[in-house]
2 protein chains.
Amino acid sequence: MNIKPTDSELEILNILWEKGPSTVREVHEVLEKNKEAGYTTTLKLMQIMHEKNLLKRDVSNKSHVYTANVSQEKTQGQIVKRMIDNVFNGSASQLVMQALGNHKPNTEELNEIKKYLEEIEKQNRK
Amino acid sequence: MNIKPTDSELEILNILWEKGPSTVREVHEVLEKNKEAGYTTTLKLMQIMHEKNLLKRDVSNKSHVYTANVSQEKTQGQIVKRMIDNVFNGSASQLVMQALGNHKPNTEELNEIKKYLEEIEKQNRK
DNA sequence: GATTGTCTACGAATTGTTTCGTAAGCAAAC
DNA sequence: GTTTGCTTACGAAACAATTCGTAGACAATC
């Protein structure tokens with residue numbers, strides 16, 4: 001299945017991934033911190049996301065409780081894959097260099113990445 | 001200035017970055033290899049991209065010649081930055097790991113990335 | 001039991017992207 | 001000079017995302 005959330009939908013998914021199951025009001029309050037938005041706008045968005053199966057919902061209470069129905073890892077993976085294909089002509093390493101070039105990681109992050117690379121290298125040698 | 005091409009626009013930009021200045025017909029012929037599309041559709045898209053200043057054009061000949069008016073590096077950089085913010089909560093290294101995890105680079109690419117990392121490390125030590 | 005506040009549902013307006021039909025210009029071929 | 005073929009320009013239709021007003025349901029409060 002292919003996951004392709006819009007930017008607005010991604011904002012909501014990020015909140016749900018972080019906070020876990022939440023009502024529209026709870027999500028809306030987080031959104032409001034960063035931008036102007038009417039309550040019914042957030043409601044409608046989340047209803048549509050539910051129709052698209054991006055969100056699950058529990059309607060047993062008056063205030064429905066929504067949960068992300070797609071995993072953060074899988075969603076990130078698909079977005080990255082699409083970007084590698086569309087923007088970097090299929091070259092993952094080009095994306096990596098671009099990401100590193102503009103957002104220099106600190107030493108700790110560097111070590112993490114290097115450890116990761118070594119693992120891949122080991123597998124390559126096999 | 002903020003560059004935010006749509007997916008269709010990116011397809012055209014990719015062709016122009018690769019081929020250099022081209023007519024609508026030339027771009028269209030490349031596009032057709034990968035997908036169905038009418039000639040006037042491509043034309044209209046490129047005209048709109050010109051209005052948005054994504055493309056330059058030379059109208060001295062009957063067949064106008066279009067050129068990308070945004071650099072590949074800058075465009076890629078902005079898209080990557082937006083993605084790091086929207087999808088990876090600001091963490092470039094998380095994006096890097098995700099990219100490496102799903103699209104294992106070959107040995108040559110690995111070396112390139114490692115060289116890059118070492119340079120960053122050197123700078124960090126200063 | 002009327003009022004108030006919060007919720008969902010629904011539909012419509014707005015905006016942006018994509019697609020393409022049609023007309024008009026122009027030059028080469030007949 | 002008329003036909004043919006390629007070009008640009010224009011406008012409209014189709015579609016999707018976003019926004020929000022309004023109505024109705026429901027429960028707590030007066």
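Residue numbers begin at 1 in each chain, while the letters A, B, ... track the order of the sequences. Atom set for the values below is all heavy atoms of this structure, side chains included, hydrogens, waters and symmetry mates excluded. Fair warning: this is a prediction, and the values are worked out from it, not measured in the lab.
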Notebook entry, point to check: When the distance from CE of B:Met46 to P of C:dC20 is rounded to whole Å, what number comes out?
Noted result: 17 Å
Note to self: Both B:Arg25 and A:Ser8 contact DNA chain D. Which one's nearest nucleotide lies toward the 5' end?
What the structure shows: B:Arg25
Margin query: Please report the distance, rounded to the nearest Å, between OH in A:Tyr39 and P in C:dC7.
Written below: 5 Å
Check: Whole-Å distance between C:dC20 C1' and B:Lys35 NZ?
Finding: 14 Å
Item checked: Side-chain N or O of A:Ser63 closer than 4.0 Å to phosphate OP1/OP2 of C:dT8 -> no
Notebook entry, point to check: Looking for any heavy atom pair under 4.0 Å, which part of the strands does A:Lys4 touch: base, sugar-phosphate only, or nothing?
Noted result: nothing
Note to self: Once you apply a heavy-atom cut-off of 4.0 Å, does B:Thr40 come out as touching a base, just sugar-phosphate, or nothing?
What the structure shows: base
Note to self: Pairing donors with acceptors under 3.5 angstrom, does anything connect the side chains of A:Ser60 and A:Asp58?
What the structure shows: yes
Next item on the list: Apply side-chain hydrogen bond (donor to acceptor under 3.5 Å, both in side chains) to A:Glu18 and A:Asn14, showing your working.
Entry: CA-CA 6 Å; A:Glu18 164 130 5; A:Asn14 273 322; over 6 Å; no
Next item on the list: Write down the distance between NZ (A:Lys62) and P (C:dG5), rounded to a whole number of angstrom.
Entry: 13 Å
Notebook entry, point to check: Could you state the CE-P distance from B:Met49 to C:dT17, rounded to the nearest angstrom?
Noted result: 11 Å
Item checked: d(CG, B:Leu43; C1', C:dG21) in whole Å -> 13 Å
Check: Taking NZ, NE, NH1 and NH2 as the nitrogens, is one of them in A:Lys4 or A:Glu9 under 4.0 Å from a carboxylate oxygen of the other?
Finding: no
Notebook entry, point to check: How would you list, by chain and number, every residue that makes a ring-ring contact (aromatic ring centres under 6.0 Å, His included) with A:His28, sequence neighbours excluded?
Noted result: A:Tyr39
Next item on the list: Record whether the side chain of B:Lys44 comes under 3.5 Å of the base of C:dT18 through a donor-acceptor pair of N or O atoms.
Entry: no
Checklist line | Length of the line joining B:Gln47:CD and C:dC20:C1', which is rounded to integer Å | finding: 13 Å
Next item on the list: Considering only heavy atoms of chain A and a distance under 4.0 Å, specify the first and last nucleotide of DNA chain D in 5' to 3' order that meet this criterion.
Entry: D:dA17 to D:dC26
Check: Is there a chain of hydrophobic side chains (I, L, V, M, F, W, Y, each step under 4.5 Å between heavy atoms) that links B:Tyr116 to A:Leu110?
Finding: yes
Next item on the list: Please name the pair of heavy atoms, one in A:His103 and one in B:Ala92, separated by the smallest distance, quoted to 0.1 Å.
Entry: CB-CB, 3.6 Å
Checklist line | A:Gln123 atom CD, neighbour heavy-atom count above 12 within 6.0 Å | finding: yes
Notebook entry, point to check: What is the distance from CG of A:Leu45 to P of C:dA9, rounded to the nearest Å?
Noted result: 15 Å
Note to self: By the 4.0 Å heavy-atom rule, please label B:Thr41 as base, sugar-phosphate, or nothing.
What the structure shows: base
